[in-house]
Each structure stands twice: as C-alpha cells, then as structure tokens.
Asker: 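My structure is below; once you've seen it, I'll send some questions.
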Amino acid sequence: MISILDQIKQSTTIVSDSATKGFHSQDATTNPSLILEATKNPRYDYLINSAIEYVKNKEMIELAADKLLVNFGAEILKFIPGRVSVEVDAKLSFDADATIAKARHLISLFKEIGIDKSRIMIKITSTWEGIQAAKILEKDGIQCNMTLIFSLVQ
C-alpha cells in the first residue's frame, strides 16, 4: 500500500523545514528556530566557529548571524538536490530596500563559498514591501520564497 506521503509526492514537490537524511526532500529551508536548536549540538560547532572567524575583525553580530545561516544552508545543500531557502530577518518586513540589500548580501555570502544562487531561495515576509522587494530580486535572478507573518514574535 502506498503511503499518503508517497501519494503527495506524485503531484507536488516536498519541501522540508529542515534537511533530514531519511526524508529525501527536494528542497529545504534554514528555519531560524531550527538553526537555533541545532547550534546547541556540538556536532555543528565548526559552523558556528566559521561564522565567528568570518566576523572576527568586522565586529558585527548581524554579519555573524548571516554567515551562520549561510553555513547551515550550505550544510543542508549537501543532503538535498534542490534549493535551500534562507530567511531575511522579519525586522526588515516593512522596508523593501533593506530586504533587497539583505537578500543580495546573503547571496554574496553563498557565492563566496562557491554556491550558485540557483541553489538558493530568499525567504521574505509577504508584506506589501516584501512583495515589492521580491519583484525586484526575481528580476535580478534571485529566487524568492514568500512566507506569512502575523507578528515579529513569530
């Protein structure tokens, strides 16, 4: 008997909120709450250390956080054939220009480690400003994944 999951896979692409070896997802996302949980596992210390080393002379916590997301995204890409979705901070949800700048910055961090933007989706909140940012980014060849947000607490 075919499982419900296998039935769904016949008509759509399955995207996991985190890459798991046994799930065999096509794409995945660097969900911030899952990344936070993963940082507690010593197995990923090398990703954290890389992010710290990256900003050692730059003294910018935000840059370290971006680099950490990119490091985890790169790690996830080792286990999936598709793309990884990386979130733009929800604090930028109502600033199209800042969202665009952050998205381009994240893409540049992936490029620095040899990962083409075709393997990346930038996850942006579905505010008016977010949608406008996505239009511009998509024209630039940066794929976007729109997400709902109802409050910054989410």
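In this chain, residues are counted from 1 in sequence order.
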Asker: Answer yes or no: is there a side-chain heavy-atom contact under 4.5 Å between Gln143 and Ile120?
Answerer: no

Asker: Passes side chain to side chain contact (heavy atoms under 4.5 Å, CB included), Asp97 versus Gln132? Steps please.
Answerer: CA-CA 9 Å; Asp97 291 336; Gln132 302 316 304; over 6 Å; no

Asker: Side chains of Leu63 and Lys67: does their closest heavy-atom pair fall under 4.5 Å?
Answerer: no

Asker: Sequence neighbours excluded, which residues qualify as side-chain contact (heavy atoms from CB on, under 4.5 Å) partners of Glu37?
Answerer: Lys40

Asker: If you take all heavy atoms of Ser85 and Lys123, which pair is closest and at what distance?
Answerer: OG-CB, 3.4 Å

Asker: Is it true that Met121 and Phe79 fall in one hydrophobic cluster, defined by side-chain heavy atoms closer than 4.5 Å?
Answerer: no

Asker: Taking all heavy atoms of Ala51 and all of Ala64, pick out the closest pair and write down the distance.
Answerer: CB-O, 3.6 Å

Asker: Thr99 and side-chain contact (heavy atoms from CB on, under 4.5 Å): which single residue from Leu92, Ile136, Ile122, Thr125 fits?
Answerer: Leu92

Asker: With distance as the sole test, does Arg119 use its side chain to make a donor-acceptor pair with the main-chain N or O of Val84 at under 3.5 Å?
Answerer: no

Asker: Of all the heavy-atom pairs spanning Ser126 and Ile131, show the shortest one and how long it is.
Answerer: O-CD1, 4.1 Å

Asker: I want to check something: taking the side chain as every heavy atom from C-beta on, are Asp66 and Lys102 in contact at a cut-off of under 4.5 Å?
Answerer: yes

Asker: Considering only residues two or more places apart or on different chains, which pairs with a residue in residues 127-145 satisfy salt bridge (Lys or Arg N to Asp or Glu O under 4.0 Å)?
Answerer: Arg104-Asp140

Asker: How would you list all residue pairs meeting salt bridge (Lys or Arg N to Asp or Glu O under 4.0 Å) that involve residues 107-117, not counting sequence neighbours?
Answerer: none

Asker: Below 4.5 Å, heavy atoms only, C-beta onward: do Leu47 and Phe72 meet side chain to side chain?
Answerer: yes

Asker: Write down the atom of Cys144, the atom of Ile124, and the distance for their closest heavy-atom approach.
Answerer: SG-CD1, 3.9 Å

Asker: Within the distance-only criterion (no hydrogens, no angle test), does the side chain of Thr127 pair as donor or acceptor with the backbone N or O of Ser93 below 3.5 angstrom?
Answerer: yes

